[in-house]
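One structure is given below, encoded as structure tokens.
Worth knowing before you read on, the calculation uses all heavy atoms, side chains too, and leaves out hydrogens, waters and symmetry mates.
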Amino acid sequence: MLNTITYHLTALPTAVCPTAPPQAQKYADQLMGYVLWGVILLFFVGVVVGIGSIVAGRVFGMPHASKAGIVGVVVVFLAVIAYLVLPGVVRAMTGSGCI
């Protein structure tokens, strides 16, 4: 019985690596490029809106708006750091992508 189980486990493939269909990599790279630039643009917009909130809060005497702007800018910078660090963490955990 144990030999049969061992035989069946050794008959399984050792690694299954996903492969993209032919000519698909070009479109995947183009889509990822659009996403990358969109995220960078959103980071920039977040910083501009946060700074605008700080300035508007100071000009119009609204301390809550200034505090919210400071929190917004800090959150954007934390998101940028996470955006740079997390892909490396996921890549290290998943390895080569083969199962």
Side-chain angles (χ1 to χ4, degrees):
M1 176 84 174
L2 185 59
N3 289 337
T4 307
I5 293 172
T6 306
Y7 172 74
H8 288 297
L9 290 177
T10 57
L12 294 173
T14 56
V16 177
C17 299
T19 57
Q23 306 294 326
Q25 191 62 44
K26 176 179 114 177
Y27 298 112
D29 291 341
Q30 185 178 14
L31 180 64
M32 287 305 294
Y34 288 150
V35 169
L36 173 69
W37 282 106
V39 168
I40 291 172
L41 180 67
L42 287 175
F43 287 150
F44 178 74
V45 168
V47 169
V48 168
V49 168
I51 291 172
S53 177
I54 294 168
V55 170
R58 299 285 181 196
V59 168
F60 296 116
M62 299 184 299
H64 294 297
S66 295
K67 289 178 187 176
I70 292 170
V71 170
V73 170
V74 169
V75 167
V76 168
F77 282 125
L78 291 176
V80 168
I81 291 170
Y83 182 73
L84 295 174
V85 171
L86 290 180
V89 171
V90 171
R91 197 174 307 116
M93 288 181 356
T94 59
S96 65
C98 299
I99 4 177

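- Residues forming a side chain to side chain contact (heavy atoms under 4.5 Å, CB included) with V85 (at least two apart in sequence, or on another chain): I81, V89.
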Can you give the donor-acceptor pairs under 3.5 Å from side chains of residues 53-62 to other protein atoms, not counting sequence neighbours?
{"residue": "S53", "atom": "OG", "partner": "A65", "partner atom": "O", "Å": "2.7"}

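- By the side chain to side chain contact (heavy atoms under 4.5 Å, CB included) test, A28 pairs with Q25, sequence neighbours left out.
- By the side chain to side chain contact (heavy atoms under 4.5 Å, CB included) test, L36 pairs with I40, Y83, sequence neighbours left out.
- Under the 4.5 Å side-chain heavy-atom criterion for grouping Ile, Leu, Val, Met, Phe, Trp and Tyr, V35 is connected to V80 within one hydrophobic cluster.
- Connectivity analysis of hydrophobic side chains (ILVMFWY, heavy atoms under 4.5 Å, direct or indirect) links V71 to V75.
- In this structure, the side chain to side chain contact (heavy atoms under 4.5 Å, CB included) partners of Q30, at least two apart in sequence or on a different chain, are Y27, Y34.
- Linking Ile, Leu, Val, Met, Phe, Trp and Tyr whenever their side-chain heavy atoms come within less than 4.5 Å leaves V48 and L41 in two separate clusters.
- Between V76 and F43, the shortest heavy-atom contact is CG1-O, 3.6 Å.
- Of all the heavy atoms in P87 and A82, the pair that sits closest is CD-O, 4.0 Å.
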